[in-house]
Amino acid sequence: MMNPFEKSVENAWCPGCGNFFILKAMQDAFEAEGLRPQDVYVLSGIGQAGKLPHYINTNGFNGLHGRAFPAAFGAHVANPNMKIVINSGDGDSYGEGGNHFLHGVRRNIDILHLIHDNQVYGLTKGQASPTTALEQITTLQRTGVRNIPIRPLLLALSLGATFVARGFAGYREQLTELIRAGLHHRGYAFIDILQPCPSFNPVNTYAWYRENSIPLPEDHDPTDWEKALLLASREDKLHLGIFYQAESLTFLDRVKYLDGPLFKKKRTPRDIEKYFR
Amino acid sequence: MMNPFEKSVENAWCPGCGNFFILKAMQDAFEAEGLRPQDVYVLSGIGQAGKLPHYINTNGFNGLHGRAFPAAFGAHVANPNMKIVINSGDGDSYGEGGNHFLHGVRRNIDILHLIHDNQVYGLTKGQASPTTALEQITTLQRTGVRNIPIRPLLLALSLGATFVARGFAGYREQLTELIRAGLHHRGYAFIDILQPCPSFNPVNTYAWYRENSIPLPEDHDPTDWEKALLLASREDKLHLGIFYQAESLTFLDRVKYLDGPLFKKKRTPRDIEKYFR
Amino acid sequence: MKKTIHLIGPAGGGLNSIEEFLLPALQRKGYFFYAYRNVMSRVRGGSNRVTITFSSSPLRSFDEKADYLVLMGKERIEDALMHAKEGALFLVSTEEECTTHSVIRFPKEKLQEFSRHPGSLGLAALGTLFAMLGLGRSAIESIQKDSWTEDTLLANRGLAEYGFRLSESIPERADAPVSGTILGGNQALAIGALSGGLEYYSAYPMAPSTGIISFLSAVEEKEGIFVDQAEDEIAAVMSSIGAASAGAKAMTATSGGGFALMSEAVGLSAIAKIPLVIVNAQRPGPATGLPTHTAQGDLYQALGAAQGEFARVILAPGDIEECLYEANRALDLAWKYQVPVIILSDEHLSDSSVIMRPPDYRRLKNERYLAEQGSDYKRYDYNRISGGFKYPGYDESIILNDSHTHLEDGFYTESPDLTVRIQEQFLQVLEAIRADLEPPSYYGPPRPKTILIGWGSSKGVLKDVVDQTEGIGMLHFRHIYPLPIFDQTLIKSCRLINVEMNSFGQFGKYLRSEIGAEMDASILRYDGLPLSTTYVLEKLEKL
Amino acid sequence: MKKTIHLIGPAGGGLNSIEEFLLPALQRKGYFFYAYRNVMSRVRGGSNRVTITFSSSPLRSFDEKADYLVLMGKERIEDALMHAKEGALFLVSTEEECTTHSVIRFPKEKLQEFSRHPGSLGLAALGTLFAMLGLGRSAIESIQKDSWTEDTLLANRGLAEYGFRLSESIPERADAPVSGTILGGNQALAIGALSGGLEYYSAYPMAPSTGIISFLSAVEEKEGIFVDQAEDEIAAVMSSIGAASAGAKAMTATSGGGFALMSEAVGLSAIAKIPLVIVNAQRPGPATGLPTHTAQGDLYQALGAAQGEFARVILAPGDIEECLYEANRALDLAWKYQVPVIILSDEHLSDSSVIMRPPDYRRLKNERYLAEQGSDYKRYDYNRISGGFKYPGYDESIILNDSHTHLEDGFYTESPDLTVRIQEQFLQVLEAIRADLEPPSYYGPPRPKTILIGWGSSKGVLKDVVDQTEGIGMLHFRHIYPLPIFDQTLIKSCRLINVEMNSFGQFGKYLRSEIGAEMDASILRYDGLPLSTTYVLEKLEKL
Ligand SMILES: Cc1ncc(C[n+]2csc(CCOP(=O)(O)OP(=O)(O)O)c2C)c(N)n1
Ligand SMILES: Cc1ncc(C[n+]2csc(CCOP(=O)(O)OP(=O)(O)O)c2C)c(N)n1
Ligand code: SF4
Ligand code: SF4
Ligand SMILES: [Mg+2]
Ligand SMILES: [Mg+2]
């Protein structure tokens with residue numbers, strides 16, 4: 001039987017792009033979790049990653065470059081019964097949308113955030129992204145990148161994220177498991193996904209990621225925040241897996257009087273009579 | 001003799017505001033460093049802190065809310081001989097301007113960044129800022145803040161800042177020393193300054209800060225990044241002093257062909273002849 | 001009878017409290033009023049002014065010149081004289097001489113017997129006003145605040161009592177209280193939005209729009225709505241769009257600088273057909289400009305917000321009452337046509353207060369314009385002009401919201417033909433909205449020689465000008481874009497004068513671009529202060 | 001002689017390389033050309049089209065219909081027929097039948113003998129074109145790229161050689177090469193800015209403006225300028241302002257969505273009197289719209305960018321040559337008047353290439369308009385209309401740049417009188433700029449019956465239309481705001497038709513608002529494709 005999240009449309013990604021595996025991992029994870037297409041709402045910005053909502057059979061929102069997070073926040077509060085997933089590029093999420101990342105994380109809203117981290121701007125043809133390595137040569141940075149790259153997991157942890165993981169598009173099964181774990185997490189679940197871009201990132205290839213990534217230490221305790229912080233700050237090796245996970249009040253837990261979708265309550269213009277008494 | 005950075009204009013800050021001490025500490029530090037008013041360019045956003053360029057006798061730029069950092073970046077690159085200082089509020093720097101903070105820090109440009117962290121929006125009358133404590137009641141957050149506050153020093157460290165310090169407006173001498181050290185630092189110097197706002201922050205008062213702040217441990221080694229990270233993540237006690245300092249290439253070190261102000265080189269329209277040969 | 005009080009004093013000097021006690025006291029004794037608060041951009045100090053014009057019959061504007069002036073700070077009588085009517089009475093504590101006017105003095109030493117608070121003169125003057133205006137000693141009972149200690153309460157009532165006795169008390173008024181609620185423009189916008197079903201409100205503080213979020217956050221629990229302070233304006237508008245896309249009725253507000261940041265999202269709302277309501281409470285620009293003053297300088301900003309061309313709506317309420325109705329209409333139109341709606345309010349409306357009677361509830365709507373459940377659904381049916389909205393989870397339909405040129409199911413396309421089709425749909429939607437909007441309201445003689453053309457917050461002033469002149473009528477536009485269909489006979493036959501709070505005469509230009517109407521003269525005010533009857537009359541005379 | 005080639009194929013299928021080899025080969029053999037690249041918003045696959053019209057005399061536009069069609073991908077001949085002239089020749093590899101046109105077939109198996117690269121058909125077809133157009137076998141030598149291996153080079157030359165032999169070779173042309181440089185609109189804008197002294201360039205990638213930063217970053221070291229990719233458009237514009245405030249000549253560029261984000265800063269530039277140049281390379285909106293297609297839909301966005309009212313300039317170059325001159329002028333005006341200048345370019349200009357002769361250097365300026373050193377300085381002298389700029393460190397003067405309404409030394413003020421004074425200064429500056437701008441250019445018969453009104457990138461097409469019709473003239477505006485002073489005789493006496501790449505007829509509306517001119521008809525194209533001579537002629541006929 002076909003996975004209910006599959007959709008038969010022409011896909012504009014380049015052959016060999018890591019995005020295909022991320023898409024597949026999502027579809028598998030959603031199905032494994034017993035979700036139905038109408039239960040999920042996938043929001044994105046603009047970029048190659050941002051096209052994903054067009055390629056998956058579920059509710060979607062392909063909005064503005066960098067602005068998926070606040071849209072997802074609004075959608076989540078409007079209807080907490082929807083499973084909200086953000087898919088977006090590294091440029092989209094950490095560059096143009098950096099401020100929303102900064103403030104979205106610290107709300108601990110109960111959503112899943114998947115970042116297609118190809119360490120480059122794909123759709124606009126190869127410029128450096130916030131995760132491109134220092135001194136890497138790109139189509140624009142011809143003498144090399146001059147900015148220290150951000151370390152997404154370190155950043156998420158330092159902002160108080162309650163679920164922080166790293167996956168790799170090339171290890172689809174592990175990624176599917178991470179996505180499932182993220183869906184289970186109650187609160188904000190952040191997964192930075194290493195995603196090769198064969199068209200514009202000749203450095204961070206499938207082989208490179210395989211070479212430079214390692215599993216988290218066997219004995220890693222995902223409730224140990226300080227340990228997670230130090231592992232996330234490492235630049236030599238990219239660990240894969242769940243760095244950190246904690247139970248904590250979610251954003252909506254703090255808005256105690258709300259319960260279910262905002263539109264549940266019947267409202268009429270006469271509700272304002274109280275202001276004229 | 002009058003400090004050359006003093007300026008006799010009417011000041012609109014509230015009586016008792018911590019900003020007065022920050023202003024004074026800056027003036028003292030600049031003078032102590034032998035700077036002249038024409039050597040310094042102070043840039044700000046909008047807010048109470050943002051008014052500072054009006055109150056100091058040096059070059060100033062009072063621009064848009066949240067946008068001091070990129071303006072300072074441009075000014076620094078245009079003329080690296082100027083001492084560039086950013087003064088701005090916590091809302092301005094971490095809220096509206098969060099994305100510029102995220103990306104400004106990782107450039108390691110040789111400027112001094114002073115944040116007047118009153119943990120509240122002063123000019124707009126008391127709403128929560130990104131550093132207001134969880135559950136604190138404000139003029140807007142009437143049932144308490146719902147977002148986890150950011151930890152500015154932790155954030156700066158995780159972004160690779162090369163000079164990270166915390167000062168307190170109430171300890172003016174220490175603050176002056178921190179500002180001097182920041183001026184000396186080659187690269188991006190970040191000082192988060194605890195600043196009481198008697199008008200709108202009834203929680204974080206002078207007394208509260210005195211109570212809740214302590215000096216860094218005697219034996220603190222400011223070259224120990226991991227230690228700094230853990231100290232900066234503490235929420236129980238606010239340490240004061242230089243958490244971290246490292247020597248590193250500055251942004252302009254990486255732009256090797258540039259040397260001095262951009263406007264130094266004489267240019268004429270005929271410079272473009274080469275494109276028509 | 002119409003009188004005007006000016007309360008002048010530093011920020012943080014108790015001005016707001018005095019206004020808070022005075023207005024209800026006036027209302028209780030049968031006075032209507034129009035109050036306007038003109039403050040400086042600072043938290044303490046400086047010189048702020050509250051103007052309260054009151055009368056036993058309803059008011060549409062305030063008078064710039066005062067009968068009573070309460071000087072609470074270091075203001076010099078000399079400066080205040082500019083705003084004093086002949087025979088005005090000054091309530092002051094200074095020793096300054098004033099030979100031209102009557103003065104009641106509140107000696108500092110005397111005040112300090114009661115309290116050392118800088119606002120103490122205000123409270124004493126309040127008592128005096130209570131006496132002189134026939135509000136009665138009992139009004140003193142109304143002076144209280146939850147946040148006050150027992151001591152403060154006693155001191156403040158003592159001050160009022162002392163003030164009361166300083167003046168000869170005229171007999172207490174026996175008029176029935178004016179019924180209604182004291183509202184400012186921001187509250188009226190908020191209540192209007194609530195009447196339209198508002199469920200989600202996100203904004204970033206920016207004067208003069210902040211009053212909306214302050215009001216809404218105070219009632220969020222009671223109303224069961226969600227109110228949030230965003231990290232910036234882009235987040236505010238995007239989360240509103242996100243919430244609307246998921247089924248909630250959402251709104252945001254800001255002023256021009258924040259509106260600039262929101263502008264990209266205006267186009268998203270249009271192409272993705274997700275309803276959006278943005279209030280832009282205008283203040284004088286460019287840039288930071290005059291944060292706490294007023295202007296109508298952002299019409300072209302609203303007309304041009306976002307790249308490309310699409311269906312949008314611009315509404316500009318003419319007074320506080322219209323703030324309520326137009327906010328309701330904004331939500332209705334946004335949801336009916338799935339378009340962005342911009343409300344242009346301004347600091348004048350935000351910082352004015354009047355007594356508003358309950359609205360006509362039959363004029364208020366709260367619809368979602370949803371498609372029927374279960375049917376075969378096209379998110380972007382090219383033939384749909386209004387209605388037919390669905391959101392994820394509404395039924396089993398899969399909803400794809402998209403910001404590109406797209407197929408009817410939301411999948412992106414680059415087809416030239418479909419690009420044209422979508423553009424033409426926008427034009428059709430605009431025509432439908434145009435027919436749904438209301439023509440400008442005319443007020444004045446049946447055969448005027450001159451027409452004053454106004455828009456937004458100047459409606460009351462223009463009506464007052466019409467009443468005080470002859471042969472002059474007023475045409476007031478509160479529905480700006482698309483320009484409603486209206487009878488242009490008067491426009492074609494009369495001398496036209498556009499009256500605006502800006503220096504470019506933006507509405508005049510816009511009207512010319514839309515219907516070719518040529519203004520014969522302009523009355524433009526652009527000093528940060530609201531248009532006033534006196535100002536317009538004076539300029540009219542000089543034309 | 002005028003012929004048109006269409007190269008059609010998937011993104012990443014070698015289309016760009018073929019264009020890169022063909023254009024210089026044409027130039028060397030004495031052909032002028034006008035090439036336009038129309039691509040889809042994707043990196044691989046889809047169907048892109050490069051149109052190259054070439055001729056032995058200069059060209060102002062490209063033809064939509066082709067004499068030669070190279071089909072490199074899965075395109076079906078049937079679809080391509082729409083763009084084929086009668087008697088056109090197809091160069092294809094498919095087996096499809098085509099009875100109506102001549103076809104040269106490149107069998108897949110044959111091509112694969114040389115290379116399995118998807119672009120191999122293109123290289124073979126290139127060889128064929130070399131033969132048929134008389135570009136000579138020697139042109140095959142020009143086929144090379146630094147990034148190619150020896151094997152690739154051999155294979156590719158072999159393919160071209162094979163293609164060359166497929167057709168009868170016409171005698172090699174003996175014309176002198178066309179002198180000049182192959183430039184697109186983005187390069188011309190970049191070079192124009194460099195001629196004006198550009199020193200600081202910061203931008204965030206966004207089609208179709210990205211070509212500017214790509215060009216500048218490749219020459220930054222050689223030019224000794226600074227080029228930076230910002231974290232977002234707000235940072236790009238703010239760092240440009242920061243750099244300009246500190247003495248550097250700065251510019252930024254984006255497309256409509258990024259321009260929306262930059263718009264708040266436009267007002268900052270104005271009130272703080274810090275020179276700013278922003279290029280908005282327009283693409284079809286709203287929102288993401290059609291990222292790689294073209295439009296003139298952002299005029300009102302530029303007119304309305306930022307809250308409030310102030311002096312701004314809007315320029316819209318008419319062709320690639322004007323891109324260079326107008327970028328130079330933009331920097332000049334921005335620094336002369338210390339105002340924001342917006343250049344409205346578009347995808348059509350960005351993705352076109354022509355051979356440009358060296359500019360007239362005497363028409364280019366590079367001034368800083370600085371105040372004399374050492375003098376008693378007022379940063380915001382209310383009486384200054386132009387010049388007199390100073391930056392920190394320029395001398396001992398202390399410079400305070402401010403975004404509020406301010407005193408002449410930059411200290412904020414809330415004075416109503418000074419608010420008026422500053423607003424009037426803006427109006428005066430606008431008048432000075434207006435007098436500094438150039439009137440629209442007229443082209444056509446001395447006594448036309450009809451005038452085509454155009455602006456921006458359509459200049460070449462309109463001139464071609466004039467040449468192919470009778471009684472029709474063209475009035476082309478490249479200086480948009482403030483509207484230059486010009487002789488309106490023709491406007492008043494002729495039938496007016498605005499020709500624009502949008503559906504609202506924005507320029508027509510704008511002209512009406514400025515001078516009351518009424519358009520009698522409109523020719524509007526809004527399918528994402530550039531205006532073409534054929535399109536305008538067809539529409540003209542139907543009017
Ligand atoms: C406001 C705005 N600025 C710029 C762009 C152009 N743009 C589209 S996608 C993109 C970057 C894509 O990079 P990333 O987010 O890493 O996604 P990827 O394509 O690599 O998946 C940019 C700059 C835009 N669409 N909108
Ligand atoms: C674009 C924009 N949004 C909002 C504002 C309104 N505003 C001015 S200052 C300020 C916040 C000030 O807080 P902070 O930066 O902490 O400075 P403080 O006043 O506390 O020193 C806000 C929201 C503005 N001026 N511009
Ligand atoms: S450009 Fe890179 S990220 Fe984009 S689809 Fe192609 S391979 Fe994937
Ligand atoms: S409001 Fe607070 S921060 Fe602002 S001047 Fe007053 S005390 Fe200082
Ligand atoms: Mg990317
Ligand atoms: Mg603050």
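Throughout, protein chains are lettered first and strands after them, A, B, ... in sequence-line order, and every chain is numbered starting at 1. None of these values were measured; they are calculated from a predicted model.
- In this structure, no portion of D/Leu418 lies under 4.5 Å from any heavy atom of chain C.
- Contact of D/Leu511 with chain C is not made at all, since no heavy-atom distance falls under 4.5 Å.
- Proximity of C/Gln307 to D/Arg283: side-chain heavy atoms (C-beta onward) are nowhere separated by under 4.5 Å.
- Proximity to chain C (any heavy atom under 4.5 Å) is restricted, for D/Ile515, to the backbone atoms N, CA, C and O.
- Here the straight-line distance linking atom OH of D/Tyr535 with atom CD1 of D/Ile523 works out to 8.5 Å at 0.5 Å rounding.
- In this structure, a donor-acceptor pair under 3.5 Å is absent between the side chains of D/Ser513 and C/Ser513.
- Contact annotation for D/Glu309: both backbone and side-chain heavy atoms come within less than 4.5 Å of a heavy atom of chain C.
- In this structure, a donor-acceptor pair under 3.5 Å is absent between the side chains of C/Asp346 and C/His348.
- Remark: D/Arg525 engages D/Glu64, D/Asp527 in a salt bridge (Lys or Arg N to Asp or Glu O under 4.0 Å) (not counting sequence neighbours).
- Interface summary for chain C: among D/Gly267, D/Ser403, D/Pro291, D/Gly258, the most heavy-atom pairs under 4.5 angstrom belong to D/Ser403.
- Atom CD1 in C/Ile234 sits 5.0 Å away from atom CG in D/Leu261 (nearest 0.5 Å).
- For chain C, the nearby parts of D/Phe504 are the backbone and the side chain; heavy atoms of each come within less than 4.5 Å.
- Only the backbone of D/Ala306 comes within contact range of chain C, with at least one heavy atom under 4.5 Å from a heavy atom of that chain.
- D/Asp298 places no side-chain N or O within 3.5 Å of a backbone atom of D/Gln301 that could act as its donor or acceptor partner.
- For the residue pair D/Glu347 / D/His293, no side-chain donor-acceptor distance below 3.5 Å is found, with atom types taken as modelled.
- Between chain C and the residues D/Ala517, D/Ala260, D/Gly285, D/Gly508, the largest count of heavy-atom pairs under 4.5 Å involves D/Ala260.
- Looking at C/Tyr526 and C/Glu500, their side chains never bring a donor and an acceptor atom within 3.5 Å of each other.
- With respect to chain C, the highest number of heavy-atom pairs below 4.5 Å among D/Ile271, D/Asn280, D/Leu299 belongs to D/Ile271.
- Here the OH atom belonging to C/Tyr380 is positioned 4.5 Å from the NE2 atom belonging to C/His406, to the nearest 0.5 angstrom.
- Heavy-atom neighbours of chain C within the stretch residues 37-49 of chain D, taken at a separation under 4.5 angstrom, comprise D/Val39, D/Met40, D/Ser41.
- Most heavy-atom pairs under 4.5 Å with chain C, from the set D/Leu268, D/Leu303, D/Asn502, D/Leu529: that is D/Asn502.
- Here D/Arg512 does not pair with C/Glu514 in a salt bridge; the nearest charged N to carboxylate O distance is not below 4.0 Å.
- Residue contact with chain C, scored on non-hydrogen atoms closer than 4.5 Å, involves the backbone and the side chain of D/Leu290 alike.
- Summarising the geometry, atom CE belonging to D/Met262 is positioned 9.0 Å from atom CG belonging to D/Asp232; distances are rounded to the nearest 0.5 Å.
- Using a 4.5 Å cut-off between heavy atoms, D/Ile422 does not touch chain C at all.
- The part of D/Phe426 that comes within reach of chain C is its side chain, from C-beta onward, which places non-hydrogen atoms under 4.5 angstrom from that chain.
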